[in-house]
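Here the structure comes first, spelled out in structure tokens, and everything after it is commentary.
Below, read A as the first sequence line, B as the second, and so on, with proteins coming before strands; counting in each chain starts at 1.
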There are 2 protein chains.
Amino acid sequence: MEEKLREHIQKRVPLTDDEFAFVLAHFTPKKYKKHQFLIQEGELVSYSYYVVSGLLKLVYSDESGKQHIVSFAMEDWWETDFQAYFTQTKATMSVDCLEDTVVFCLSLENYHKLCAGLQKFERFFLQLTISGSMAAQRRILSLLTTQAKERYEQLLSQYPALIQRVPKTLLASYLGVSRETLSRFTD
Amino acid sequence: MEEKLREHIQKRVPLTDDEFAFVLAHFTPKKYKKHQFLIQEGELVSYSYYVVSGLLKLVYSDESGKQHIVSFAMEDWWETDFQAYFTQTKATMSVDCLEDTVVFCLSLENYHKLCAGLQKFERFFLQLTISGSMAAQRRILSLLTTQAKERYEQLLSQYPALIQRVPKTLLASYLGVSRETLSRFTD
DNA sequence: TGATTAGTGTGATATACATCACTCGATACT
DNA sequence: AGTATCGAGTGATGTATATCACACTAATCA
């Protein structure tokens, strides 16, 4: 599973064995069971998480208690309440497991140490953030320009693997549509 | 106007005079008139732009020709089709001026030179991108969780200055609502 | 300065989608 | 093995918002 993280970083920047050992020393592996919380709304966010295996969801609950999926994180993606993590404020969202999940945890302190100690890591993280930013922009555009049914079809074709693993109720919440409406889309 | 850029960067990382001179040498100042295009859909994107004064809009046109505002950029913000800029592919969106606008242009080549030559710049840019990413996430959440009228009111209170300078038709397009509906929100 | 265009408001109508209420099968729990 | 709970489908109804059509004013430009 260390190799997985290494490949993930090396997709963006090459690393020597020593450099990767340095990187790895800043991460802590951890296992979670389905339904366990990694981050709870209202608490401080100690880590950002690289997902080795399993599946997480990042959820915002509005005043009326309704849940909205901000994102899913499958293998090889990162998840946390970034706002709360980077500003060291209380989480406004929560993260929990849709499946048993293995992650590498990175504390903010270790993140800073990594960036300071290895410029390549900072470069990697910048590229990761740029990718995330472009993905967010595509999602905004898709919310602005397309109807719910089309968004669902886009999701089906973009992430067919995800659809198999996530209940439709949650896909609906990610797409910003009610589960009843989504259920009528197979027509 | 150089000072403006310097202050902008120094909000995130401190710079010596020499370092700022090095940074500045990688930017080209440029002036545009209202209605002029900085980026046109279908063309390559040579620069990302730091706005010194004026106002830009980033627009996506869907198949039916309808325009959707992805973002505005006022003084002290950055604008470009980031996807096209970083991947050196053709723009899927366009950028043009709502007012006469002064920008600093940064080519991708100079961006890379800057990052390579001054780690502080890369750090600055990472922090900028993280901020942008969090803002995008807030916008996604606001599209998922709130009604158009509430989104409008949020915008009014968050960016009162913007509302004065942007026609309501364009605000509507930014909010993902028709201009007619937005026009009825003053009730 | 007179004509064109951009920006806005407003009524009437259409529609995408939410909500409520109920059913049913499949999991998971003790 | 029996019982909650979860995920899913579907009809009836309500509503936020889109669309179309038209009118009016303020910029812009020739």
Given atom OH of B/Tyr152 and atom C1' of D/dT17, what is their separation to the nearest angstrom? 16 Å
List the atom pairs, with distances to 0.1 Å, where a side-chain N or O of residues 29-45 of chain A and a protein N or O form a donor-acceptor pair under 3.5 Å, not counting sequence neighbours.
from    : atom 1 : to      : atom 2 : distance (Å)
A/Gln36 : OE1    : A/Lys33 : N      : 2.7

Show every salt bridge (charged side-chain N to carboxylate O under 4.0 Å, His left out) that has at least one partner inside residues 125-139 of chain A, sequence neighbours left out. none
Under a 4.5 Å cut-off applied to non-hydrogen side-chain atoms, are A/Thr146 and B/Asp62 in contact? no
I'd like to know if A/Glu75 pairs up with A/Arg165 as an ion pair, taking the criterion as any Lys NZ or Arg NE/NH1/NH2 lying under 4.0 Å from an Asp or Glu carboxylate oxygen. yes
Nucleotide C/dT10, atom P - distance to NZ of B/Lys168 in whole Å: 10 Å
Does C/dG9 have its OP1 or OP2 closer than 4.0 Å to a side-chain nitrogen or oxygen of B/Thr186? no
Proximity of A/Phe104 and A/Tyr49 rings by center, below 6.0 Å: no
Tell me the interatomic distance from A/Leu171, atom CG, to D/dA8, atom C1', rounded to whole angstroms. 12 Å
Measure the shortest side-chain to side-chain distance between B/Leu108 and B/Gln88 over non-hydrogen atoms and say whether it is less than 4.5 angstrom. yes
Between A/His35 (NE2) and C/dT27 (P), how many Å, whole number? 15 Å
Matching residue for B/Tyr50 among B/Val103, B/Thr80, B/Asp76, B/Leu128 - test: side chain to side chain contact (heavy atoms under 4.5 Å, CB included): B/Asp76
Would you kindly say whether B/Thr92 and B/Gln83 are connected by a side-chain donor-acceptor distance under 3.5 Å? no
I'd like to know if B/Glu19 and B/Arg123 make a salt bridge, using a cut-off of under 4.0 Å between side-chain N and carboxylate O. no
Determine, for nucleotides 13-20 of chain C in 5'-to-3' order, which nucleotides have protein heavy atoms under 4.0 Å from the base (write B), from only the sugar-phosphate (write S), or from neither (write -). ---SSBBB
Please report how far the helix from C/dT1-D/dA30 to C/dT30-D/dA1 bends, comparing the axis fitted to its first five pairs with the axis fitted to its last five, to the nearest 10 degrees. 50°
Contacting residues from residues 157-166 of chain A, given that a heavy atom lies under 4.0 angstrom of DNA chain D: none
Can you measure A/Ile69 atom CD1 to D/dG7 atom P for me and round it to whole angstrom units? 11 Å
Interatomic distance where NZ belongs to A/Lys57 and C1' belongs to D/dG7 [whole Å]: 14 Å
Is the closest side-chain donor-acceptor distance between B/Trp77 and B/His8 under 3.5 Å? no
B/Asp62 atom CG is separated from D/dA18 atom C1', nearest whole Å, by 14 Å
In the hydrophobic clustering (ILVMFWY, side-chain contacts below 4.5 Å, transitive), which residues join A/Leu143, or is it alone? A/Ile140, A/Leu144, B/Ile140, B/Leu143, B/Leu144
In whole angstrom, what separates B/His68's NE2 from D/dA18's P? 11 Å
